[in-house]
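This is a predicted model, so every value here is computed, not measured. All heavy atoms count here, side chains included; hydrogens, waters and symmetry mates do not.
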Amino acid sequence: MTDLLRAVSHHGYLLLFLIVFAEAIGLPAPAALALVAAGSAAAAHVLSAPAAFLAAITATLFGDVLLFVLGRKTGWAFLGFICGVSLNPETCILRSAESFYKHGRTTLLFIKFIPGVNTMAAPLAGSMKMKLSQFLQLDLAGACFYILAYGGAGYIFRDFVTRITHGLQTGSRTIAVLLIVALVAFIAYRIIQYLRFRVHGMVPKAGVEEIALRLASEGNKEIILADVRSHGYYDAGTQRIAGSIRIEPSQLANELKTLPHDKDIYLYCT
């Protein structure tokens with residue numbers, strides 16, 4: 001952290017731009033910390049506050065528009081790539097899409113404050129065919145809130161940031177050990193979770209040919225085919241597979257309880 005604060009102060013706007021841009025496209029970059037450092041540097045007249053804000057807002061918009069376009073062009077394929085680090089990418093996508101739907105497009109105003117979810121907002125907006133002009137308006141407002149919140153905190157509490165930096169300098173070895181221990185613990189936790197997930201297994205999948213054959217031979221007597229496409233991909237006029245029913249994905253757990261238990265249930269969302 002100390003090195004980052006010093007680097008932002010010395011190398012200024014380019015480093016701030018690169019860190020904020022990296023976080024915007026989903027890389028594990030400490031943009032919030034860089035903004036705090038830039039605000040502190042601006043309060044000390046090392047950086048220009050308007051120039052630092054311009055660098056940060058430009059980086060954020062560039063990164064978000066890039067993800068928005070990728071989401072528009074590739075749909076859930078890109079969302080699946082982003083969720084690839086998740087233990088269950090399909091659940092990651094579904095929950096993110098439902099969260100985006102429940103809170104509406106105004107999610108873009110505060111989503112940047114939620115680590116791990118902030119990267120999903122732009123490609124989700126793109127995949128759900130939001131107008132670029134509307135996305136830019138909401139994303140710009142959200143980016144301004146985010147940058148002003150952390151940059152303003154660094155500007156206002158410059159002395160406090162300085163004391164923290166000094167404390168980190170004096171205890172850098174202890175902090176390094178703690179970070180290493182935390183990293184090892186996190187890796188061990190992910191390995192355990194992965195092994196547990198492997199034991200329970202992935203949700204079984206059925207091919208199109210298999211379902212088509214069962215529908216042709218059994219009709220709807222032995223199976224239930226349910227459309228669980230997320231909001232933004234489904235509306236009242238959307239065509240469904242013949243004989244299928246519609247289940248709201250946000251109510252999936254509750255609606256499954258009402259279905260017969262003596263039939264095989266197939267869910268589809270494409």
Please tabulate, for side-chain N and O atoms in residues 62-72, each donor-acceptor pair with protein atoms closer than 3.5 Å (sequence neighbours left out).
| residue | atom | partner | partner atom | Å |
| --- | --- | --- | --- | --- |
| Asp64 | OD1 | Lys112 | NZ | 3.4 |
| Asp64 | OD2 | Lys112 | NZ | 2.5 |
| Arg72 | NE | Gly126 | O | 2.9 |
| Arg72 | NH2 | Met130 | O | 2.3 |

Enumerate, atom names and distances included, each donor-acceptor pair closer than 3.5 Å involving a side-chain atom of residues 136-156, sequence neighbours excluded.
| residue | atom | partner | partner atom | Å |
| --- | --- | --- | --- | --- |
| Tyr146 | OH | Glu23 | OE1 | 3.1 |
| Tyr146 | OH | Glu23 | OE2 | 3.4 |

Tell me which donor-acceptor pairs under 3.5 Å the side chains of residues 46-61 have, and how far apart each pair is, sequence neighbours excluded?
| residue | atom | partner | partner atom | Å |
| --- | --- | --- | --- | --- |
| Thr58 | OG1 | Leu54 | O | 2.7 |
| Thr60 | OG1 | Ala56 | O | 2.9 |

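With sequence neighbours excluded, the residues forming a side chain to side chain contact (heavy atoms under 4.5 Å, CB included) with Leu18 are Leu14, listed by chain and number.
Formation of a donor-acceptor pair under 3.5 Å by the Tyr268 side chain with backbone atoms of Ser244 is not found in this model.
Within the structure, the salt bridge (charged side-chain N to carboxylate O under 4.0 Å, His left out) test picks out no pair touching residues 39-53 (sequence neighbours left out). Residue pairs meeting the salt bridge (charged side-chain N to carboxylate O under 4.0 Å, His left out) criterion with at least one member in residues 33-50, sequence neighbours excluded, do not occur.
Atoms CD1 and CG, on Ile224 and Asp262 in that order, are 8.0 Å from each other to the nearest 0.5 Å. The structure places CG of Leu259 at 5.0 Å from CD1 of Ile245, a figure rounded to the nearest 0.5 Å.
Under the 4.5 Å side-chain heavy-atom criterion for Ile, Leu, Val, Met, Phe, Trp and Tyr, Phe113 and Val20 are members of the same hydrophobic cluster.
Between Ile265 and Pro260, the shortest heavy-atom contact is CD1-O, 4.3 Å. Closest approach of Leu16 and Ala38 over heavy atoms only: CD2-CB, 3.9 Å.
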